[in-house]
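Protein chains get the first letters and strands the later ones, always in sequence-line order, with residue 1 at the start of each.
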Amino acid sequence: MKIYPYRVDGDAVTINFPERDEDLVEFEKFLARGNRTIGLDTETTGLHIYGGQFACRLVQFGDEREAWVLRADQFADKIRDVLARPNLKFVAHNAPFDLLVLDRTDLCPLDVLGPRVYDTYVLAHLLDPRTANDGGPGLKLKELATVYVDNDAADTQEGLNAIFLDLFRKWSKTASTEEIEAVKRAAPKRPHIAWGFTNIAIDHPLYVTYAGLDVIYAARLLRELSILIRKGERQSELAKFEHRVQLLTTAQQKRGLLIDVPYTEGLVVDLRAEAERHVYTAASFGVENVNSTKQVTEALLAMGEEWSATTATGKPAVGKDTLNPMADIDARSWERLGNRDPNPLADAIIRAKRAEKWAVAYAEAFLHGRDDVNRIHPFVKALAARTARMSVSNPPLQQLPSSDWTIRRAIIAEEGQTIVAADYKSMELRVLAALAEVKEMQAAIREGRDLHDFTASLIYGADFTKNHRRLAKGVGLGKVFGGGAAGLSKQIGAPLDQVKYAVNKYDEVYPEVRTYGNRLQRQASYGGGAVVTPIGRRIPLDRDRAYAATNYVVQSTARDLIAQALIRIDDAGMSDHVLLPVHDELICTAPTADAEDVIREIGRLMESTFMGVKIDSDPEVYGPSWGHGYGAPDDV
DNA sequence: ACGATCACG
DNA sequence: ACGTACGTGATCGTG
């Protein structure tokens, strides 16, 4: 057995790396030593759990003083045995990843291990949801360990990266050009890291040491975070709730979504061809790279175009807010506006960029990310944003184009199944009506009226026009975000005086919205700079953006309502139908014959009455693909 | 690493 | 006193 010493917060700790079966006798003694939660982590060949070459290399266990780093190939039986013991509880940082690794590699099924694993990420997010970038303590293991455990905590990830770079350089000298190209093709951004995780010697002393340190940090983090969490009465309940929600989204990630491969391959060809045509046009105007803001700016100025919009750093903005009007294209419908002669360069650039993005970020990502049965398994983070909103990545399925069915058409139901979905109707406005006790809004909801129609009628009278409704909708949503007249005017694209009028009227008819926002800001200023949501979640406010208070509470509460719905659906035994949450809707699958019944029932489970306000849902049968909910024809 | 851009609710 | 649009993830160019 190899034993590596290290220091954590001034304490001597040991990292044990067993080499023979006899070495496991000591490991058993470690496990038997008292009733404590054991740190758990895995080292793998990469992040693509469902890819063909994926393997789990190490599984680590540890407490606050010692770690056991086990080779997954050599000690698979032991690992299986330990993970299956029902009396053992574990703690991991970002548990969903390790749970899925252990599930995928047949070391322990998700449903067997999941309920016994605490996640320090979840606890840390409840204490402070801000990333280091966002002014918080951060949510990564190294950042948290530095704050809560040891000011000199090792950056194990950076340490490994340095080793990988060194090893990769040495390997590159002996490897063939083809081998090197293959690695770079698979991981163009940081090839040495992808290569390192697969190829570093499994008994490399620093690899083993860092692997062991991570579980020691996790075990120590659990102790510290638990103490802090227990100080807030509601927080312990919240922690339980969030672990349950996270387990459900982890199951969604395991389930994945089926890709229509022939369709998607055709889509890539079409999008690539479209992009190429417009890139060619742009090149004829001297823009060699349509993604270069520098080139685009220079070419447009040379053509005599003038515009005033700038980026945060003061440079001329050449996003679609600038280019769409130049190309005389409506941003929503992509039809001619008829305001001016379209600038052919602006037109080519927006079309080229759109087609390229759709090809690369969506269609090709679907094809590259799929497993051997053509399913993709996006990461579903149940507790992501500062407001606790969920996020989906690899690929970003919450951000697929909705104005056009072509991308969503690539996600299909299994044979005999149909895609169904249920969304909440104007969820955030209803939550606002409830939280701020907005009388007129609550009355309109009770009467089943369209909220934007209603706001328009209050501002403009019963004879409001379509444009009035558009303004009322923009103002209604913008007010929740804390927007003022100028910002709203820009966003809605309506003249400032009209927006000012609407905003003033809005404040008159819904006075409770303003007083609620002021109350939240007062409470935050005396409550450590954070607002507290109805379920007891603390959300820190930035000093200079106190106006965000209302939005934080509204957005967070809306998220908690859909999270609660996931639990109710699970309690009803219907979790297997849920494919993906998209903020205020659930994308689901159901046997074609019962599709309508299933989604009606899921919709019913989603509904609730929150502070006396009905939060109801709109169940819908889409069809054989997700795109069928967005107008995809049956014969594509 | 960071800014700009663009996709969503 | 005034006014502030909220939250994400991915890609690309630039330095």
Side-chain angles (χ1 to χ4, degrees), chain A residues 129-131 133-134 188-190 288-297 309-324 331 349-350 352-362 364-365 369 378-381 383-404 407-408 423-424 426-429 432 474-492 499-500 503 514 517 521 539 541-556 558-559 562 580-587 630:
Chain A
R130 294 170 301 172
T131 61
N133 231 351
D134 209 9
K189 274 175 250 172
R190 295 188 298 177
E288 286 302 320
N289 190 330
V290 292
N291 289 313
S292 165
T293 50
K294 196 164 159 254
Q295 288 180 27
V296 172
T297 305
T310 57
T311 67
T313 55
K315 286 183 219 155
V318 285
K320 61 179 180 180
D321 283 355
T322 305
L323 298 184
N324 272 325
I349 288 167
I350 50 178
K353 281 170 80 169
R354 180 164 122 140
E356 239 167 43
K357 175 167 178 122
W358 288 19
V360 174
Y362 305 129
E364 285 178 354
F379 283 86
V380 183
K381 219 167 170 186
L383 193 50
R386 180 189 294 213
T387 57
R389 258 192 168 191
M390 304 185 189
S391 77
V392 175
S393 56
N394 290 304
L397 293 193
Q398 288 186 323
Q399 288 117 300
L400 304 188
S402 60
S403 60
D404 177 305
I407 298 292
R408 290 179 196 239
D423 68 341
Y424 288 109
S426 52
M427 187 187 206
E428 295 202 349
L429 281 185
L432 174 69
V475 171
L477 291 173
K479 290 294 280 187
V480 188
F481 293 146
L488 285 166
S489 160
K490 192 167 170 287
Q491 192 66 29
I492 305 168
V499 175
K500 269 186 177 159
V503 167
R514 192 207 284 256
Q521 292 187 37
I539 306 177
L541 266 181
D542 294 335
R543 287 184 157 283
D544 52 346
R545 292 169 73 245
Y547 61 87
T550 306
N551 183 248
Y552 283 179
V553 178
V554 169
Q555 190 181 98
S556 189
R559 176 274 183 194
I562 201 166
L580 203 72
V582 188
H583 302 310
D584 63 355
E585 63 184 325
L586 294 179
I587 312 302
Y630 293 78

Q: Going by atom type alone, with no hydrogens or angles, which donor-acceptor pairs under 3.5 Å involve a side-chain atom of residues 312-321 of chain A and a protein atom two or more places apart or on another chain?
A:
from: A:T313; atom 1: OG1; to: A:T311; atom 2: OG1; distance (Å): 3.1

Q: Between A:S556 and A:R386, is there a side-chain heavy-atom distance shorter than 4.5 Å?
A: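 Heavy-atom side-chain distance check fails, nothing below 4.5 Å.
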Q: Determine all donor-acceptor pairs shorter than 3.5 Å in which one atom belongs to a side chain in residues 477-490 of chain A; sequence neighbours excluded.
A:
from: A:K479; atom 1: NZ; to: A:D507; atom 2: OD1; distance (Å): 3.1
from: A:S489; atom 1: OG; to: A:A494; atom 2: O; distance (Å): 2.7

Q: Using heavy-atom distances to pick each residue's nearest nucleotide on DNA chain C, tell me which of A:N289 and A:P129 is more 5'.
A: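 The residue whose closest nucleotide sits nearer the 5' end is A:P129.
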Q: Counting any heavy atom closer than 4.0 Å, what does A:A546 reach on the DNA or RNA strands: base, sugar-phosphate only, or nothing?
A: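 If one applies the 4.0 Å heavy-atom cut-off, A:A546 turns out to touch nothing in the nucleic acid.
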Q: Strictly by salt bridge (Lys or Arg N to Asp or Glu O under 4.0 Å), give each pair with a member in residues 543-556 of chain A just once, sequence neighbours left out.
A: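 Of all non-adjacent pairs touching residues 543-556 of chain A, those that pass salt bridge (Lys or Arg N to Asp or Glu O under 4.0 Å) are A:D542-A:R545.
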Q: When you compare the side chain of A:N551 with that of A:E428, does any pair of heavy atoms fall below 4.5 Å?
A: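 SC-SC contact between A:E428 and A:N551 confirmed.
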Q: Do A:L586 and A:P581 have side chains that approach each other closer than 4.5 Å (heavy atoms only, starting at C-beta)?
A: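 Heavy-atom side-chain distance check passes, below 4.5 Å.
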Q: Would you mind classifying the nucleic acid contact of A:K353 as base, sugar-phosphate or nothing, using non-hydrogen atoms under 4.0 angstrom?
A: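 Sugar-phosphate, no base atom in range.
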Q: Once you apply a heavy-atom cut-off of 4.0 Å, does A:A365 come out as touching a base, just sugar-phosphate, or nothing?
A: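 Nothing, no heavy atom under 4.0 Å.
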Q: Take A:R559 and A:L383 through the test side chain to side chain contact (heavy atoms under 4.5 Å, CB included) and record every step on the way to the result.
A: CA-CA 9 Å; A:R559 176 274 183 194; A:L383 193 50; 3.9 Å; yes
Q: Side chains of A:R354 and A:D404: closer than 4.5 Å at any heavy-atom pair?
A: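 Touching, per the 4.5 Å side-chain cut-off.
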Q: Touch check for A:A558, heavy atoms < 4.0 angstrom, all strands: base, sugar-phosphate only, or nothing?
A: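 Counting heavy atoms under 4.0 Å across all strands, no contact is made by A:A558.
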Q: How is A:S403 classified with respect to the nucleic acid when contacts are heavy atoms under 4.0 Å: base, sugar-phosphate, or nothing?
A: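 Since only primed, P, OP1 and OP2 atoms lie under 4.0 Å of A:S403, the category is sugar-phosphate.
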Q: Go through DNA chain C in 5' to 3' direction and return only the first and the last nucleotide with some atom under 4.0 Å of chain A's heavy atoms.
A: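 For DNA chain C, the relevant span reads C:dT4 to C:dT14.
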Q: Using both distances under 3.5 Å as the test, list the Watson-Crick or G-U wobble partner of C:dC2, or none.
A: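 Across all strands, not a single nucleotide pairs with C:dC2.
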Q: Please identify the 5'-most and 3'-most nucleotides of DNA chain B with any atom under 4.0 angstrom from a heavy atom of chain A.
A: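 Range of nucleotides touched by chain A: B:dG3 to B:dG9.
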Q: Taking side chain as C-beta onward, heavy atoms only, is A:I492 less than 4.5 Å from A:V475?
A: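 A:I492 vs A:V475: side chains touch.
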Q: Search all heavy atoms of A:H583 against all heavy atoms of A:I562 and return the closest pair with its distance.
A: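 Looks like O-CD1, 3.6 Å.
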Q: Applying a 3.5 Å limit to both distances, which nucleotide forms a Watson-Crick or G-U wobble pair with B:dG3?
A: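 Partner of B:dG3: C:dC12.
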Q: What residues in residues 383-390 of chain A put a non-hydrogen atom under 4.0 Å from any atom of DNA chain B?
A: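 Within this stretch, A:R389 sit under 4.0 Å of the strand.
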Q: Classify the nucleic acid contact of A:V318 as base, sugar-phosphate or nothing, counting any heavy atom under 4.0 Å across all strands shown.
A: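 Touches sugar-phosphate only.
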Q: Between B:dA4 and C:dA5, how many Å separate the two P atoms, rounded to a whole number?
A: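 Between the two P atoms, the distance is 16 Å.
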Q: Once you apply a heavy-atom cut-off of 4.0 Å, does A:K320 come out as touching a base, just sugar-phosphate, or nothing?
A: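 It contacts sugar-phosphate atoms only.
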Q: So do A:P396 and A:Y362 actually touch side chain to side chain, heavy atoms under 4.5 Å?
A: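 Yes; the side chains approach each other to less than 4.5 Å.
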Q: Looking for any heavy atom pair under 4.0 Å, which part of the strands does A:G484 touch: base, sugar-phosphate only, or nothing?
A: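 Sugar-phosphate contact only.
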Q: What are the two closest heavy atoms between A:A365 and A:P395, and how far apart are they?
A: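 Where A:A365 meets A:P395 most closely, the heavy atoms are CB-CB, 4.0 Å.
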Q: Under 4.0 Å, counting only non-hydrogen atoms across every strand here, what does A:V554 touch: a base, just sugar-phosphate, or nothing?
A: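 Since no nucleic acid heavy atom lies under 4.0 Å of A:V554, the category is nothing.
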Q: Give A:L477 one of three labels, base, sugar-phosphate or nothing, depending on what nucleic acid heavy atoms sit under 4.0 Å from its own.
A: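 Since a base atom lies under 4.0 Å of A:L477, the category is base.
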